[in-house]
Participant: 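Can you keep this structure in mind? I'll have questions shortly.
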Amino acid sequence: MSSATEMHGGIDRPGATDPSTGTTTARSARIGRREIHSPRSAAAITVAAVVIVLCGWLGTEMVLLLFGQPALLATPADLAAGVASASSLPIPLLGTIAAGCALLGLVLLVVAVAPGRRARHLIDSERTVTVVDDEVIASAVARCAARVGGIDPDNTRVSVSRRIATVHLMPTSGQPVQRAAVQQAVREQLDGLQLRPALQTRVVVAVGGRVGA
């Protein structure tokens, strides 16, 4: 009997259980993907809102034209004439507009196809799915780096992205920090966690230091 478990910031939550190992593994993989990827709801809502506003504006202009009222911005005839006269614009300007439209379309395509990402990583395990927040990883790495480097934890800052953990150290003036030792300790800690995707490490030591830190 295998179990799937999710952990958010160190809190375990039981997941799906299935007597079949293969079924449980597949279900655990789905749980893991769901927990580290976010839906594109915000982007979809934004695009839909823009389209609704444009359609509403065009519909309003048509209704005003039917009732003989002045247009809000431009009548449908003016819009059509403006589109038709676009060919008379300078070629560099037309190229710039076309490139901008193509770039916008590419961005929308990438947003539509590529999955969003939550600030989380998975911990490899055969019997469970463990999801840990990046903030928890950063906190653990910061404690490790501060201890090995002999630096106050308040002077240690760690940022975790999808593929890299960056450690920023602000040592006390006159007290050198063994950057290689900190790098090795952080590397060993992350390797022990068996995170997926795996994290590369980068240690940045401030040059000036802090007086009385």
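Both backbone and side-chain heavy atoms feed into the values below; hydrogens, waters and symmetry mates do not. Given the structure is predicted, the values throughout are model-derived calculations rather than measurements.
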Participant: Roughly how far apart are L195 CG and L122 CG, rounded to 0.5 Å?
Facilitator: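 Rounded to the nearest 0.5 Å, the CG-CG separation comes to 9.0 Å.
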
Participant: Taking atom CG as the centre, does L104 end up with more than 12 heavy-atom neighbours from other residues, nucleotides or ligands that are less than 6.0 angstrom away?
Facilitator: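 More than 12 heavy atoms, drawn from other residues, nucleotides or ligands, come within 6.0 Å of this atom.
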
Participant: Please find the pair of heavy atoms, one from V167 and one from A145, that lie closest to each other, and give the distance.
Facilitator: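 That closest heavy-atom pairing would be CG1-CB, 3.8 Å.
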
Participant: Working to the nearest 0.5 Å, report the span between SG of C101 and CG of L106.
Facilitator: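 One gets 13.0 Å once the value is rounded to the nearest 0.5 Å.
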
Participant: Going from NE2 on H121 to CG on L190, what distance comes out if it is rounded to the nearest 0.5 angstrom?
Facilitator: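 CG of L190 is found 9.5 Å from NE2 of H121.
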
Participant: If you count every heavy atom of other residues, nucleotides or ligands that lies below 6.0 Å from R157 atom CZ, does the total exceed 12?
Facilitator: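 Open.
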
Participant: V182 and side chain to side chain contact (heavy atoms under 4.5 Å, CB included): which partner among T156, L169, I151?
Facilitator: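 When T156, L169, I151 are each tested with V182, the side chain to side chain contact (heavy atoms under 4.5 Å, CB included) holds only for L169.
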
Participant: Would you say that N155 contacts P171 through its side chain, given a criterion of any heavy-atom pair below 4.5 Å between the two side chains?
Facilitator: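 No; the side chains remain at least 4.5 Å from each other.
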
Participant: Out of the candidates L64, V63, L58, only one should pair with T60 under the side chain to side chain contact (heavy atoms under 4.5 Å, CB included) rule; please name it.
Facilitator: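 Exactly one pass, corresponding to L64.
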
Participant: Could you tell me the separation between the CD atom of Q189 and the CG atom of L193, rounded to the nearest 0.5 Å?
Facilitator: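 If I round to the nearest 0.5 Å, the distance is 6.0 Å.
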
Participant: Within the distance-only criterion (no hydrogens, no angle test), does the side chain of Q200 pair as donor or acceptor with the backbone N or O of A165 below 3.5 angstrom?
Facilitator: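 Judged by distance alone, no pair lies under 3.5 Å.
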
Participant: Assess whether side chain to side chain contact (heavy atoms under 4.5 Å, CB included) is satisfied between E61 and L73, documenting all intermediate values.
Facilitator: CA-CA 8 Å; E61 296 290 12; L73 296 177; 3.9 Å; yes

Participant: Write down the atom of I164, the atom of L199, and the distance for their closest heavy-atom approach.
Facilitator: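 Looks like N-CD2, 3.5 Å.
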
Participant: When you measure from the side chain of T96 to the backbone N and O of P92, does any donor-acceptor pair fall under 3.5 Å?
Facilitator: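 Yes; judged by distance alone, with no hydrogens or angles, the pair exists.
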
Participant: To the nearest 0.5 Å, what is the distance between CD on Q184 and CG on D191?
Facilitator: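 Between Q184 CD and D191 CG, I get 8.5 Å after rounding to 0.5 Å.
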
Participant: Heavy-atom distance under 4.5 Å between the side chains of V51 and C55, does that happen here?
Facilitator: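 V51 vs C55: side chains touch.
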
Participant: Can any side-chain N or O of R162 pair as donor or acceptor with the backbone N or O of P197 at less than 3.5 Å?
Facilitator: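 Not confirmed, R162 side chain does not pair with P197 backbone.
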
Participant: Compare every heavy atom of A74 with every heavy atom of A71, then report the nearest pair and how far apart it is.
Facilitator: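 Closest approach of A71 to A74: CB-C, 3.7 Å.
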
Participant: For D154, does its backbone N or O pair with a side-chain atom of D152 as donor and acceptor, under 3.5 Å?
Facilitator: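 Checking the backbone N and O of D154 against the side chain of D152, a donor-acceptor pair under 3.5 Å is found.
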
Participant: Are V186 and V148 close enough, and set up right, to give a side chain to side chain contact (heavy atoms under 4.5 Å, CB included), and what steps lead you there?
Facilitator: CA-CA 9 Å; V186 172; V148 175; over 6 Å; no

Participant: Examine the side chains of Q183 and T201 and answer whether a donor and an acceptor come within less than 3.5 Å of each other.
Facilitator: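 Indeed, the side chains of Q183 and T201 share at least one donor-acceptor pair under 3.5 Å.
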
Participant: Measuring from atom OG of S159 to atom CZ of R202, what distance do you get when rounded to the nearest 0.5 angstrom?
Facilitator: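 These two atoms lie 7.5 Å from each other.
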
